[in-house]
Amino acid sequence: MDILVLTHALNFLLMFLLAFGTAASIARKYDTGWRLFWIGAATFILSQIGHIPFNAGLTQLFRNGILPSPPAAWQLVFNAVVLGLSAGLWEELTRYTVYRRWAKEARSWRKGLMLGAGHGGIEAALIGAAVMLTFLNLLAARNLDLATIYSGEQLSLAQQQVSAYWGAAWYEPLAGALEQYC
């Protein structure tokens, strides 16, 4: 097995293990149980149910000219600010609602920590699942004749993507797991 296959697999495994390992450690150390973890997980998922359609709608408003687009030189900064604010808005409003209505007992540091472990942990696990599916698909495509599936420009793009994925330095795949926990 080559080292790159190992580090790609290790990347998504770490995302799962660190998410649930952190929660298990908190549950054991602070005797919190797992209920607040799952409430935190549901909180993240609920926030995304509002956040993702909101961003899609906002994109359409800009694309259709209903909202004016910023100058091209400011596009990257504008997108970073708007997307960051929309993520914060949806996640914080959802957390506020959950604390007020669903997790009223989570007022101590220990219980809040477990709820937060669920919120961040499920995000890491969901990203880990997407990373795992990408890995499995690109592992299959690694030795596949892509010309049997794609042609023309699509073939060239697919070959570039497979080549870039498998051409990474051995340590680069671990950046995903590192980003989730730093």
Side-chain angles (χ1 to χ4, degrees), residues 1-56 79-80 82-99 102-103 106 109-144 157-158 160-182:
M1 175 182 298
D2 81 46
I3 189 76
L4 196 55
V5 170
L6 183 64
T7 57
H8 274 293
L10 186 59
N11 181 38
F12 66 78
L13 288 173
L14 283 171
M15 288 186 192
F16 288 112
L17 293 174
L18 290 171
F20 292 102
T22 299
S25 176
I26 292 168
R28 185 175 46 257
K29 184 174 182 177
Y30 298 120
D31 193 32
T32 59
W34 283 82
R35 180 177 176 273
L36 290 171
F37 175 88
W38 294 112
I39 289 174
T43 302
F44 175 77
I45 292 167
L46 287 171
S47 74
Q48 297 312 299
I49 289 171
H51 179 218
I52 293 169
F54 175 81
N55 282 352
N79 286 344
V82 169
L83 294 175
L85 286 173
S86 74
L89 173 74
W90 284 98
E91 289 187 34
E92 291 306 320
L93 287 175
T94 305
R95 264 194 293 267
Y96 173 79
T97 302
V98 166
Y99 273 118
W102 201 12
W109 183 82
R110 294 172 178 194
K111 290 180 178 183
L113 187 63
M114 188 56 150
L115 192 128
H119 185 95
I122 202 67
E123 179 181 12
L126 290 171
I127 291 170
V131 168
M132 180 182 67
L133 289 173
T134 301
F135 168 74
L136 293 173
N137 282 310
L138 286 166
L139 187 62
R142 186 178 194 185
N143 298 315
L144 188 66
L157 289 172
Q160 288 173 20
Q161 290 170 344
V162 171
S163 177
Y165 186 85
W166 292 111
W170 70 267
Y171 54 85
E172 289 178 334
L174 298 173
L178 182 65
E179 185 272 336
Q180 289 297 310
Y181 295 98
C182 289

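Just so we're clear, the structure is a prediction, and the values are computed from it rather than from any experiment.
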Contacts of F54 that satisfy ring-ring contact (aromatic ring centres under 6.0 Å, His included) - sequence neighbours left out: W90

Partners meeting side chain to side chain contact (heavy atoms under 4.5 Å, CB included) with I49 (sequence neighbours left out): I45, L46

List the atom pairs, with distances to 0.1 Å, where a side-chain N or O of residues 113-135 and a protein N or O form a donor-acceptor pair under 3.5 Å, not counting sequence neighbours.
| from | atom 1 | to | atom 2 | distance (Å) |
| --- | --- | --- | --- | --- |
| H119 | NE2 | E91 | OE1 | 3.1 |
| H119 | NE2 | R95 | NH1 | 2.8 |
| T134 | OG1 | A130 | O | 2.9 |

Just list the side-chain donor-acceptor pairs under 3.5 Å for residues 164-174, sequence neighbours left out, or say none.
| from | atom 1 | to | atom 2 | distance (Å) |
| --- | --- | --- | --- | --- |
| Y165 | OH | H8 | ND1 | 3.0 |
| W166 | NE1 | L138 | O | 3.0 |
| E172 | OE1 | A169 | N | 3.0 |

Reported CG-to-OG1 distance for the pair L10 and T7, which is rounded to 0.5 angstrom: 7.5 Å

Test item: L93 and L89 side chains (from C-beta on) under 4.5 Å apart, heavy atoms: yes

Which residues share a side chain to side chain contact (heavy atoms under 4.5 Å, CB included) with E179, sequence neighbours left out: none

Nearest heavy-atom neighbours spanning N11 and A177: OD1-N, 2.8 Å

List the atom pairs, donor and acceptor, that lie under 3.5 Å between side-chain atoms in residues 13-38 and the rest of the protein, sequence neighbours left out.
| from | atom 1 | to | atom 2 | distance (Å) |
| --- | --- | --- | --- | --- |
| T22 | OG1 | L18 | O | 2.6 |
| R35 | NH1 | E105 | OE2 | 2.3 |

Within-4.5 Å side-chain heavy-atom neighbours: I3 and L6: yes

